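A quick write-up on the structure given underneath.
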Amino acid sequence: MFSASSSTSSTSSPSSSFSSAFSAFRNPAVLRQDVLASLVVFLVALPLCVGVAVASGVPAELGLITGIVGGLLVGLMPGSTMQVSGPAAGLTVLVFEAVREFGLGMLGAIVLLTGVLQIGLGAVRFGRWFRAISVSVVQGMLAGIGLVLIFGQLYTMAGVKQPRSGLEKIFGIPGLAADIATSSTALTAFAVGLGTIAVLVGWKKLPAKAQVVPAPLAAVALATAVSAGFGLDVAKVKVQGLLDAVQPPGLNDLTSLGSAGVVGTVVAFTLIASAESLFSAAAVDRMHDGPRTQYDKELIAQGLGNAVCGALGALPMTAVIVRSSANVQAGARTKLSRVLHGAWLLLFTALLPTAIGIIPLAALAGVLVHAGCKLIPVKEIGPLWRKHRGEAAVLAVTAIAIVTTSMFEGVVLGLVLAVAKSAWETSHVQVDVRELTGGRTVVTLTGNATFLRLPRILETLEALPKDRPIELDLSAVRHLDHACRTALENWSVRHNDIGIEPVLLREPVSQA
């Protein structure tokens with residue numbers, strides 16, 4: 001863990017960040033701890049990089065390239081100290097849809113523009129505002145991604161082609177079950193995937209010494225060993241080499257970035273990747289007592305990483321909570337651990353590329369099904385429903401919309417609902433009707449009188465008798481918007497019968 005004295009200045013420059021990444025070399029104990037932590041993060045990241053790439057419908061090497069850039073480049077940048085970047089399960093569905101709709105060649109251009117937008121947002125100090133995004137929307141986004149990921153990867157576990165839409169994946173489960181029951185090949189592959197999930201679930205119950213090996217690596221290694229040892233007929237990861245996998249976007253791809261469909265995808269990439277990275281930063285900051293994340297600089301770092309990944313035609317990156325928490329728990333002290341994890345990924349991919357080609361696809365699908373389950377905030381839903389039902393509704397609607405429509409539409413709907421809910425809750429107004437001696441009626445409004453509450457306000461006012469003096473007291477109103485003021489003024493002029501004293505309108509104190 002960090003000590004309080006290890007904090008760095010919030011005005012750190014790239015050069016000071018670079019030197020801080022290698023400050024561990026001045027302290028052998030810190031150096032040893034960072035090297036060990038980097039190996040742990042590498043072992044966690046390796047199967048996830050490959051699995052996310054395969055699930056996204058792109059070559060496995062593209063996921064490794066993103067992991068390498070996340071370590072060697074973003075690892076050196078100022079912003080956060082402990083969190084680790086790479087391809088994330090949270091973007092799998094969106095990447096898969098983008099590749100299917102626009103082609104693999106366009107992916108690099110989309111990711112490149114996403115990175116440029118992130119750099120621009122960070123430069124204008126927009127990073128801090130991502131902290132204002134409703135937690136329910138983010139949880140709903142992750143839950144929706146998790147559901148689509150789970151249902152989609154069940155097909156991959158059985159070696160069956162995934163349906164196109166989220167609903168088709170759900171409604172196709174009975175047919176998938178029939179395929180597994182009637183096909184020995186599908187049953188074998190599905191058993192490998194289930195075995196992988198079983199190892200992931202049960203790994204935490206093993207002695208602490210065994211848990212030194214990360215669960216994803218152990219699960220994939222055991223599945224690979226069993227498949228090879230018993231000669232199981234299961235599909236393997238296709239390997240084409242690191243350099244061959246690099247596909248920089250062409251001129252035609254770059255000129256196509258102006259189309260409406262592509263722009264919508266870029267916005268979705270930018271929003272989700274940025275939000276996931278900065279929410280991850282907030283979570284990681286709670287795990288250690290070292291330097292806090294500088295959100296604008298972290299957004300620029302993520303943008304630079306995505307720009308480079310886009311130029312290489314690789315997957316988009318975010319800060320990943322699984323790798324970041326592993327980094328903290330492994331005792332990392334400086335940025336060197338996350339830089340070295342990228343170096344280990346590069347060495348492994350360059351020196352042992354054939355090792356990737358013996359991994360069963362069903363095992364990686366099992367890892368992602370398990371990751372998808374962890375994206376669903378099961379433990380939080382119950383307490384959230386009991387205490388904040390509106391927030392729970394936003395979470396549920398966002399998740400369902402992502403499953404039934406698309407990632408972008410689901411997130412936009414969730415944000416709209418969150419804003420509408422907040423506006424509704426902040427526009428509380430109380431209408432109090434009192435009848436005084438002498439026949440005079442006083443109506444007092446308190447709170448925030450906005451157009452959202454006009455139906456209720458006017459319903460009460462219009463029910464008042466028209467044959468007696470009425471006073472409408474707005475002096476206790478904290479906020480009166482234009483629509484509400486106009487409606488109340490019109491009512492006061494027209495309500496009372498001819499010959500009756502006109503409605504007396506008492507202005508709000510702040511606007512009198």
Side-chain angles (χ1 to χ4, degrees), residues 45-46 48-77 85-88 91-92 94-122 237-270 272-274 277 299-320 339 342-343 345-351 353 356-357:
L46 178 61
L48 291 177
C49 287
V50 176
V52 169
V54 172
S56 301
V58 304
E61 290 86 351
L62 295 185
L64 291 166
I65 291 172
T66 300
I68 292 168
V69 174
L72 296 181
L73 177 61
V74 179
L76 287 171
M77 297 291 292
S85 301
L91 286 173
T92 300
L94 191 58
V95 173
F96 184 83
E97 293 175 355
V99 172
R100 184 178 61 189
E101 183 174 356
F102 305 114
L104 182 58
M106 274 298 297
L107 177 63
I110 292 172
V111 176
L112 174 60
L113 183 54
T114 297
V116 172
L117 285 179
Q118 286 181 305
I119 293 172
L121 290 173
V237 177
K238 295 181 180 179
V239 180
Q240 63 183 42
L242 194 63
L243 294 179
D244 294 333
V246 174
Q247 298 183 25
L251 183 60
N252 291 336
D253 299 323
L254 295 174
T255 55
S256 300
L257 287 173
S259 65
V262 175
V263 170
T265 301
V266 170
V267 171
F269 270 61
T270 304
I272 296 170
S274 302
S277 294
L299 188 56
I300 292 174
Q302 294 293 325
L304 182 59
N306 272 318
V308 173
C309 287
L312 297 174
L315 289 176
M317 75 165 56
T318 71
V320 188
V339 175
L345 284 174
L346 177 60
L347 288 174
F348 179 88
T349 308
L351 300 180
I356 301 173

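Quick note: residue numbers are just sequence positions, from 1. Keep in mind it's a predicted model, so treat the numbers as computed, not measured. All values below come from the heavy atoms of this structure, side chains included, with hydrogens, waters and symmetry mates left out.
Of all the heavy atoms in Thr265 and Ala98, the pair that sits closest is CG2-CB, 4.0 Å. The two residues Ala109 and Pro249 make their nearest non-hydrogen contact at N-CB, 3.7 Å. Between Gly67 and Pro87, the shortest heavy-atom contact is N-CD, 3.7 Å. The shortest heavy-atom contact between Val320 and Ala88 is CG2-CB, 4.1 Å. For the residue pair Ser277 and Ala319, the shortest heavy atom distance occurs at OG-N, 3.0 Å. Ala60 and Val237 make their closest contact through CB-CG1, 3.6 Å (heavy atoms, listed as atom of the first residue, atom of the second, distance).
Interatomic distance, CE of Met317 versus SG of Cys309, reported as 3.5 Å (0.5 Å rounding). In this structure, CD in Gln302 is found 12.0 Å from OG1 in Thr114, a value given to the nearest 0.5 Å.
Evaluation of the side chain to side chain donor-acceptor pair (under 3.5 Å) test over residues 63-75, restricted to residues two or more places apart or in two chains, returns none.
Under the 4.5 Å side-chain criterion, counting only non-hydrogen atoms from C-beta, Leu117 is not in contact with Val267. Side-chain contact between Phe269 and Val95 is present, with heavy atoms from C-beta onward closer than 4.5 Å. By the 4.5 Å heavy-atom criterion applied to side chains, Leu62 and Leu104 are counted as neighbours. Contact of the Leu112 side chain with the Asn306 side chain is not registered, since no non-hydrogen atoms from C-beta on lie closer than 4.5 Å. With contacts defined as side-chain heavy-atom distances shorter than 4.5 Å, the pair Leu315/Val111 does not qualify.
Qualifying side chain to side chain contact (heavy atoms under 4.5 Å, CB included) partners for Leu64, counting only residues two or more places apart in sequence or in other chains: Leu46, Cys49, Val50, Leu345, Thr349, Ile356. Residues meeting the side chain to side chain donor-acceptor pair (under 3.5 Å) test with Glu61, sequence neighbours left out: none. For Leu73, the side chain to side chain contact (heavy atoms under 4.5 Å, CB included) criterion is met by Val69, Leu304, Val308, not counting sequence neighbours. Under the side chain to side chain contact (heavy atoms under 4.5 Å, CB included) criterion, Val262 pairs with Phe102, Met106, Ile110, Leu257, Ser259, Val266, not counting sequence neighbours. Under the side chain to side chain contact (heavy atoms under 4.5 Å, CB included) criterion, Val246 pairs with Ile65, Pro248, Leu312, sequence neighbours left out.
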Give the intermediate values and the outcome of side chain to side chain contact (heavy atoms under 4.5 Å, CB included) for residues Ser274 and Leu299.
-> CA-CA 7 Å; Ser274 302; Leu299 188 56; 3.4 Å; yes

Verdict with reasoning, Ser56 to Val99, per side chain to side chain contact (heavy atoms under 4.5 Å, CB included) | CA-CA 8 Å; Ser56 301; Val99 172; over 6 Å; no

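Residue-environment remark: CG (Leu351) exceeds the threshold of 12 foreign heavy atoms within 6.0 Å.
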